[in-house]
Amino acid sequence: MQRYFLNENAELHQRFFITNSEDIHHILNVMRMDVGDTIIINFNQQRTYESQLITLQKDCIEIETSREIDLNTEMPVNVTICSGLIKSDKYEWLLQKATELGAHHFIATQMDRSVVKLNVQKADKKVVRWQKIVKEAAEQSYRQIVPKVEFISNFKTIYDMINQYDYVLMAYEESAKSGERSLLKNCIQNFAPDAKILLLFGPEGGFSQDEVAALHNKVKCVGLGPRILRAETAPLYALSAISYQLELK
């Protein structure tokens with residue numbers, strides 16, 4: 001059954017309006033639904049309802065919640081993926097797959113070794129596109145929230161955000177090269193329920209020595225196994241490891 005999101009608080013037998021043009025197009029022209037058909041809507045506070053189509057118009061679709069679904073598809077911890085800017089197609093693929101794997105929040109940022117450069121105007125357009133990709137991935141993968149995507153132009157801004165998180169891990173290739181194998185697993189096993197976790201990943205060229213030095217006393221540098229992973233692959237490895245440890249029990 002097709003799924004959509006509404007930024008509303010919901011109760012049983014309430015009526016709401018879908019006004020997002022892309023959702024309306026999908027319901028009317030792709031799915032070719034009619035009055036009386038049922039869709040699934042994810043509302044605020046991770047509440048999910050089967051909802052019946054009441055009226056269909058080109059600019060607005062009215063629905064009514066008919067049955068609440070007991071569902072929990074979100075990770076037991078809140079994971080933010082902060083990564084250095086990488087090539088556009090690779091980052092879009094990362095966003096899609098990391099959303100499927102349960103990431104809660106994405107931060108793209110300019111790092112010393114980022115080949116890609118964004119000015120404010122380009123960044124605003126990119127974020128709109130990135131958010132759309134994440135929304136579609138969330139619908140496809142039965143997520144109950146749409147992860148937020150943001151761009152921070154200066155990596156140093158991240159330094160001031162670290163205290164917002166319960167755990168901060170930096171995926172550092174030098175840790176992997178030196179044979180470090182167990183720290184990531186040990187950290188994950190100690191994650192408390194609902195903990196806020198910040199995972200830091202470098203761009204294609206990795207972190208610079210200055211970036212590592214600036215964060216060395218605020219983060220744990222972890223290896224991601226014996227192989228060196230691409231910038232777009234490393235976050236997926238980490239999310240998969242978290243899911244395996246915390247969700248497959």
Side-chain angles (χ1 to χ4, degrees), residues 3 5 40 42-48 68-84 91 93-109 130-131 133-150 158 161-173 175-176 178-202 207 215 218-249:
R3 296 168 182 255
F5 288 89
I40 293 176
N42 292 299
F43 292 93
N44 292 343
Q45 300 174 334
Q46 297 181 26
R47 298 186 70 177
T48 303
E68 185 166 11
I69 301 172
D70 184 14
L71 187 67
N72 182 13
T73 60
E74 294 303 315
M75 271 204 182
V77 291
N78 182 320
V79 180
T80 295
I81 302 292
C82 176
S83 51
Y91 190 64
W93 182 83
L94 184 163
L95 289 173
Q96 182 187 65
K97 301 309 175 186
T99 297
E100 293 175 19
L101 288 169
H104 191 273
H105 181 199
F106 296 95
I107 300 172
T109 186
W130 293 341
Q131 197 66 62
I133 290 168
V134 164
K135 177 179 178 292
E136 291 173 350
E139 291 170 347
Q140 181 273 326
S141 58
Y142 289 12
R143 294 288 301 274
Q144 291 173 278
I145 65 162
V146 178
K148 178 184 177 182
V149 188
E150 62 178 314
I158 306 298
M161 299 170 54
I162 283 179
N163 291 337
Q164 301 175 19
Y165 296 90
D166 301 304
Y167 307 89
V168 183
L169 308 181
M170 174 184 278
Y172 188 39
E173 65 182 41
S175 295
S178 65
E180 193 282 304
R181 296 286 187 272
S182 61
L183 186 54
L184 176 64
K185 180 178 179 180
N186 292 340
C187 288
I188 294 172
Q189 290 175 336
N190 289 317
F191 286 166
D194 298 320
K196 294 183 68 176
I197 297 135
L198 176 62
L199 302 180
L200 300 170
F201 301 90
F207 294 103
L215 288 170
K218 294 187 176 183
V219 306
K220 289 186 177 179
C221 293
V222 300
L224 301 181
R227 292 163 294 280
I228 303 302
L229 305 177
R230 286 181 175 270
E232 69 271 25
T233 309
L236 308 185
Y237 180 103
L239 286 167
S240 298
I242 293 171
S243 177
Y244 178 82
Q245 289 289 331
L246 301 184
E247 296 186 301
L248 301 183
K249 297 183 178 179

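Heavy-atom basis, side chains included; hydrogens, waters and symmetry copies ignored.
When side chains are defined from C-beta on, Ile145 counts as touching Gln46, because their heavy atoms get closer than 4.5 Å. Residues His104 and Met75 are not in side-chain contact: their nearest non-hydrogen atoms beyond the backbone lie 4.5 Å or more apart. Inter-residue side-chain proximity for Val77 and Tyr167 is flagged as unmet; no heavy-atom pair is nearer than 4.5 Å. Contact check for Arg3 versus Arg143: no side-chain heavy atoms found under the 4.5 Å cut-off. For the pair Phe106/Tyr91, a side-chain contact is recorded, criterion being any heavy-atom separation below 4.5 Å from C-beta on. Side-chain contact between Val146 and Gln131 is present, with at least one heavy-atom pair separated by less than 4.5 Å. Between Cys82 and Thr109 there is a side-chain heavy-atom pair separated by less than 4.5 Å. For the pair Tyr172/Leu215, no side-chain contact is recorded, criterion being any heavy-atom separation below 4.5 Å from C-beta on.
Here CG of Asp166 is found 9.5 Å from CZ of Phe191. Values are rounded to the nearest 0.5 Å. Rounding to the nearest 0.5 Å gives a distance of 7.0 Å between NZ of Lys196 and OG1 of Thr80. Rounded to the nearest 0.5 angstrom, Leu71 CG and Tyr142 OH are separated by 9.5 Å. Annotation: the span from Asn72 atom CG to Thr48 atom OG1 amounts to 9.5 Å, rounded to 0.5 Å. For the atom pair SG of Cys187 and CD of Gln245, the computed distance is 11.5 Å after rounding to the nearest 0.5 Å. Rounding to the nearest 0.5 angstrom, the gap separating the CD1 atom in Ile158 from the NZ atom in Lys218 is 11.5 Å.
The environment of CG in Asp194 is sparse: at most 12 heavy-atom neighbours from other residues, nucleotides or ligands sit within 6.0 Å.
The shortest non-hydrogen separation linking Leu199 to Ala238 is CD1-CB, 3.9 Å. For Leu236 against Ala98, the heavy-atom pair with the smallest separation is CD2-N, 3.6 Å. Ala231 and Leu94 get closest at one heavy-atom pair: O-CD1, 3.9 Å. Across Pro147 and Ala103, no two heavy atoms sit closer than the pair CG-O, 3.2 Å. Closest of all the heavy-atom pairs between Leu246 and Pro76 is CB-CG, 3.9 Å. Minimum interatomic distance between Gln144 and Thr73 (heavy atoms only, all atoms of both residues): OE1-N, 2.9 Å.
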Q: Give the C-alpha distance, both sets of side-chain angles, the deciding distance and a yes or no for side-chain contact (heavy atoms from CB on, under 4.5 Å) between Glu136 and Gln96.
A: CA-CA 8 Å; Glu136 291 173 350; Gln96 182 187 65; over 6 Å; no
*Determine, stepwise, if the pair Phe201 / Leu224 fulfils side-chain contact (heavy atoms from CB on, under 4.5 Å).*
CA-CA 11 Å; Phe201 301 90; Leu224 301 181; 4.1 Å; yes
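Panel note: side chain Asn42, backbone Phe5; no donor-acceptor pair is recorded below 3.5 Å.
Each of Leu239, Ile107, Thr99, Leu198 was checked for a side chain to side chain contact (heavy atoms under 4.5 Å, CB included) with Ile81, and the lone residue meeting it is Leu239.
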